[in-house]
Structure formats: C-alpha cells, structure tokens
*Asks:* 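Please see the structure below; I have some questions.
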Amino acid sequence: MNTIKLISLPCFSEKLIKSFNAIPDDQYLKTEFPFRKRSYNAGKIISNIFHWEESNTLFLQTKDLNQYVGGISRHFVPVPASIREDICQKIIMNAYAQLPASDYKVGVHQIRIFSDTLNQGIPTPEGIHQDGFDFVAVACINTRNVSGGVSVLFDAKDHARIVFEGILTPGTQIVFSDKDFAHYTSNVTPKIPGVAFRDVIVTTFLAI
Ligand SMILES: [Fe+2]
C-alpha cells in the first residue's frame with residue numbers, strides 16, 4: 001500500500017474524548033514546558049483479531065530514527081482499560097481494514113499536544129521523520145482552539161516532495177505507508193489567547 005488513505009471514523013464516546021484530560025505529561029521532553037501528554041500500549045493483530053499486550057508499555061526507537069529521544073527506553077502509562085474497546089473497534093480496526101492482509105505488531109500512542117499563550121506545542125520534535133514500521137495511522141479525536149497542527153507527508157526519498165498536506169479534523173484518520181512516506185506535523189499555538197490542545201491516537205503496524 002503506497003497510497004495514502006483518509007477515512008472517516010464512527011462517532012467517539014465522551015469517555016474516549018474525556019480520557020485525554022487524564023493522560024500524564026510525557027517525561028522525556030527536553031523543555032520546561034510539558035507540551036506533550038502520552039499513554040502507550042503495544043498489541044498484536046493475529047488472524048484479524050486485536051489483542052492488547054497488558055504489560056507492554058515500553059517504547060524504544062533507535063537514534064537513527066529519532067534524533068530527539070532515540071536510544072532511550074521510554075516507559076509510558078498504559079492506555080486506560082476503560083477506553084481500549086473503543087480504540088480497538090473504532091480506530092485500530094478501521095486502519096487495519098486499509099492494510100494488506102497480514103498479522104501485525106501494533107503500537108498505540110494516545111497523545112495530547114498542549115499549548116498556551118506563551119508556549120507552543122510541538123507534535124514532531126524530531127522533525128520530518130519515519131517511525132520505522134510498515135504503516136502508520138493518525139486519528140484525530142478532538143481539538144480545542146488550535147492554530148497550526150498541519151499534517152504533512154513527504155516522499156521518503158525526497159523530502160522536498162510533499163504528497164499530502166492538511167489539517168486532520170476530529171473524526172478523521174490518515175493511514176499511510178511508513179516505508180514510502182516521511183511525516184511531520186506543524187507546531188500548535190492557540191488561535192485565541194489561552195490554552196489549546198490537539199488529541200490524537202497514533203497507531204503503528206509492523207507485519208509479522
Ligand atoms: Fe512519527
């Protein structure tokens with residue numbers, strides 16, 4: 001699948017939307033201002049069924065892939081049990097339906113990018129990058145008062161060639177090949193002075 005799919009997702013529950021208010025700050029940022037909150041869980045799709053890996057909340061990328069925090073073993077709080085079924089049915093399986101048939105190792109990142117009047121939120125502090133998987137899906141769950149946050153995909157072999165550019169509105173998910181495309185999201189600031197946030201679920205797929 002070397003194309004890019006933009007899909008509409010079923011309505012999200014209040015429980016899923018509100019769950020982002022409780023995610024703790026990402027402890028691995030290099031700024032005083034905690035611009036990212038994050039939970040993470042690994043899982044697997046075997047024979048079309050998604051299984052959460054209960055205790056697998058360790059996330060490690062190589063320095064090659066992530067110059068910002070690559071090489072550091074990062075532990076995050078797990079994705080809350082109360083929203084796992086929603087995430088599985090409404091987000092993961094909809095992304096999976098776009099992919100070539102296979103079993104997959106899956107990573108689920110629940111992320112809030114946060115900004116206020118004095119501080120911008122930085123969705124991709126590592127810059128234009130690939131995640132090191134076969135496919136990546138980014139689902140926008142909710143936004144408030146956001147200016148910026150433009151999702152951009154590039155030809156992986158030529159970052160001067162933009163192949164997609166757009167703002168993911170709540171209820172949309174973009175699914176793309178991580179081998180063929182590099183990705184980036186522009187920084188977030190408040191549209192009107194105050195706080196702003198952009199809530200997404202990023203799912204990674206590695207064929208097994
Ligand atoms: Fe990424």
Side-chain angles (χ1 to χ4, degrees), residues 1-12 16-17 19-20 23 36-41 43 45 50 59 61 65-66 79 83 86-102 104-115 121-144 146-188 196-207:
M1 189 195 89
N2 63 0
T3 53
I4 298 157
K5 303 271 179 70
L6 201 56
I7 54 177
S8 290
L9 298 173
C11 276
F12 303 127
L16 176 61
I17 293 169
S19 68
F20 283 80
I23 313 175
R36 182 161 67 193
K37 297 164 190 295
R38 188 164 188 163
S39 74
Y40 169 77
N41 242 119
I45 294 175
F50 181 73
F59 185 58
Q61 288 181 301
L65 278 171
N66 187 334
V79 172
I83 57 166
D86 255 19
I87 292 176
C88 171
Q89 294 305 330
K90 295 184 177 161
I91 296 166
I92 299 171
M93 295 317 278
N94 271 299
Y96 172 64
Q98 311 298 320
L99 306 183
S102 172
Y104 289 98
K105 271 189 175 179
V106 177
V108 183
H109 304 254
Q110 183 189 21
I111 296 171
R112 166 170 286 182
I113 297 297
F114 183 76
S115 168
I122 312 171
T124 46
E126 65 270 64
I128 300 171
H129 68 283
Q130 291 161 267
D131 286 339
F133 300 96
D134 290 312
F135 302 99
V136 173
V138 182
C140 181
I141 309 302
N142 191 20
T143 60
R144 181 178 295 172
V146 163
S147 179
V150 179
S151 298
V152 191
L153 297 180
F154 307 82
D155 183 333
K157 296 193 185 81
D158 177 8
H159 289 185
R161 200 170 90 77
I162 291 175
V163 294
F164 172 87
E165 184 174 349
I167 290 175
L168 297 181
T169 51
T172 57
Q173 177 163 245
I174 190 166
V175 186
F176 56 92
S177 159
D178 189 42
K179 298 252 187 281
D180 295 311
F181 306 114
H183 58 278
Y184 175 80
T185 302
S186 69
N187 293 350
V188 164
F197 58 77
R198 176 179 183 267
D199 294 343
V200 298
I201 291 181
V202 178
T203 312
T204 60
F205 297 87
L206 185 69

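Hydrogens, waters and symmetry mates play no part in the numbers below; they use all other heavy atoms, side chains included.
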*Asks:* Show your working on ring pair (Phe, Tyr, Trp, His ring centres under 6.0 Å) between Phe205 and Phe135 and close with a plain yes or no.
*Replies:* CA-CA 5 Å; Phe205 297 87; Phe135 302 99; 7.4 Å; no
*Asks:* Could you walk me through whether Ile92 and Val108 pass side chain to side chain contact (heavy atoms under 4.5 Å, CB included), step by step?
*Replies:* CA-CA 8 Å; Ile92 299 171; Val108 183; 3.7 Å; yes
*Asks:* Side-chain polar contacts of residues 158-168 - donor-acceptor pairs under 3.5 angstrom, sequence neighbours left out - could you list them?
*Replies:*
residue : atom : partner : partner atom : Å
Asp158  : OD1  : Ala160  : N            : 3.1
Arg161  : NE   : Asp155  : OD2          : 3.3

*Asks:* One pair to check against side chain to side chain contact (heavy atoms under 4.5 Å, CB included): Thr203 and Phe50. What are the steps and the verdict?
*Replies:* CA-CA 12 Å; Thr203 312; Phe50 181 73; over 6 Å; no
*Asks:* To the nearest 0.5 Å, how far apart are OH in Tyr104 and CG in Leu206?
*Replies:*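 Here the rounded value is 9.5 Å.
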*Asks:* Mind checking what makes ring pair (Phe, Tyr, Trp, His ring centres under 6.0 Å) contact with His183, not counting sequence neighbours?
*Replies:* His129, Phe176
*Asks:* Enter the distance from Leu99:CG to Tyr96:OH here, rounded to the nearest 0.5 Å.
*Replies:*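 Reported to 0.5 Å precision, the distance equals 8.0 Å.
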*Asks:* Nearest 0.5 angstrom please: Ile7 CD1 to Thr172 OG1, how far?
*Replies:* 9.5 Å
*Asks:* Are Lys37 and Phe114 in a cation-pi contact, defined as NZ or CZ under 6.0 Å from the six-membered ring centre and within 45° of the axis?
*Replies:* yes
*Asks:* To the nearest 0.5 angstrom, please state how far the OG atom of Ser115 sits from the CZ atom of Arg36.
*Replies:*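 It is 14.5 Å, given to the nearest 0.5 Å.
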*Asks:* Can the positive tip of Arg144 be found less than 6.0 Å from the middle of the six-membered ring of Phe197, inside 45° of the ring normal?
*Replies:* no
*Asks:* Answer yes or no: is there a donor N or O on one side and an acceptor on the other, between the side chain of Lys105 and the main chain of Gly43, under 3.5 Å?
*Replies:* no
*Asks:* Let me see the working for Gln173 and Cys140 under side chain to side chain contact (heavy atoms under 4.5 Å, CB included), right down to the final yes or no.
*Replies:* CA-CA 6 Å; Gln173 177 163 245; Cys140 181; over 6 Å; no
*Asks:* Starting at CD1 of Ile201, measure out to OG of Ser39 and round the result to the nearest 0.5 Å.
*Replies:*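 It comes to 7.5 Å.
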*Asks:* What distance separates Arg198 CZ from Ile111 CD1, expressed to the nearest 0.5 Å?
*Replies:* 9.0 Å
